[in-house]
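Just so it is clear, the model here is predicted, and its values are computed rather than measured. Residues: numbered from 1 along the sequence shown. Just follow the structure's listing: the first ligand is 1, and inside any ligand the first atom is 1.
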Amino acid sequence: MKNLIGKHYGRLTVIKSTGKKAHSREIVYLCKCDCGSIIEVRSGLLTQDKTKSCGCLYNDTRKKDMSELDKAKKYVDGIEIGLFDGRFNKNNTSGFKGVSKHGSGYRAKITVKGHVYFGSTRATKEEAYKDRLKFEEELLPKKQEGKK
Ligand SMILES: [Zn+2]
């Protein structure tokens, strides 16, 4: 096994061997991450490029991806797209867009610019759906029309 001490792998710098063995021939090294964390990594992970940080690199990338993905996916002009493209129906208990079961009845729901509006609880889905349509008319900007 060649000596990895002093080498850099992504954000990690190999400081020294811990003396521990992992698997059959791998050595566990003590590595310092650019963020200041000290972690133990087995040599195989380093040489195969599988570990590039203490985990902070992954967390950073993931956070960024998620927030950008969320932004792109969920909102257009502050309107939740899910309400318009049909996917919303998957989480919906009534079969009517924007209507879900509530207690013993049904109620309309709409999300506009981060605010959630609920209609009154109605005995039937059809009535609740009327509330939903009224919400759309009152609350949604005109350019969303015809996109339902
Ligand atoms: Zn780190």
Could you pull out all donor-acceptor pairs under 3.5 Å where a side-chain atom in residues 117-124 meets a protein atom, sequence neighbours excluded?
{"from": "Arg122", "atom 1": "NE", "to": "Asp131", "atom 2": "OD2", "distance (Å)": "2.7"}
{"from": "Arg122", "atom 1": "NH2", "to": "Asp131", "atom 2": "OD1", "distance (Å)": "3.0"}
{"from": "Arg122", "atom 1": "NH2", "to": "Asp131", "atom 2": "OD2", "distance (Å)": "3.2"}
{"from": "Thr124", "atom 1": "OG1", "to": "Glu127", "atom 2": "N", "distance (Å)": "3.2"}
{"from": "Thr124", "atom 1": "OG1", "to": "Glu127", "atom 2": "OE1", "distance (Å)": "3.1"}

Non-hydrogen side-chain atoms of Tyr9 and Leu45 separated by less than 4.5 Å: no

Taking only residues two or more places apart in sequence or in another chain, which ones pass side-chain contact (heavy atoms from CB on, under 4.5 Å) with Lys16? Leu30

For Lys20, what residues pass the side chain to side chain donor-acceptor pair (under 3.5 Å) criterion, not counting sequence neighbours? Glu40

Check for me whether Lys125 meets the cation-pi criterion with Phe96, that is, NZ or CZ under 6.0 Å from the six-membered ring centre and within 45 degrees of the ring axis. no

Listing protein N, O or S under 2.8 Å around the Zn ion (ligand 1) gives Cys33 SG, Cys35 SG, Cys54 SG, Cys56 SG

Starting from Ile15, can I reach Leu4 by hopping between I/L/V/M/F/W/Y residues whose side chains sit under 4.5 Å apart? no

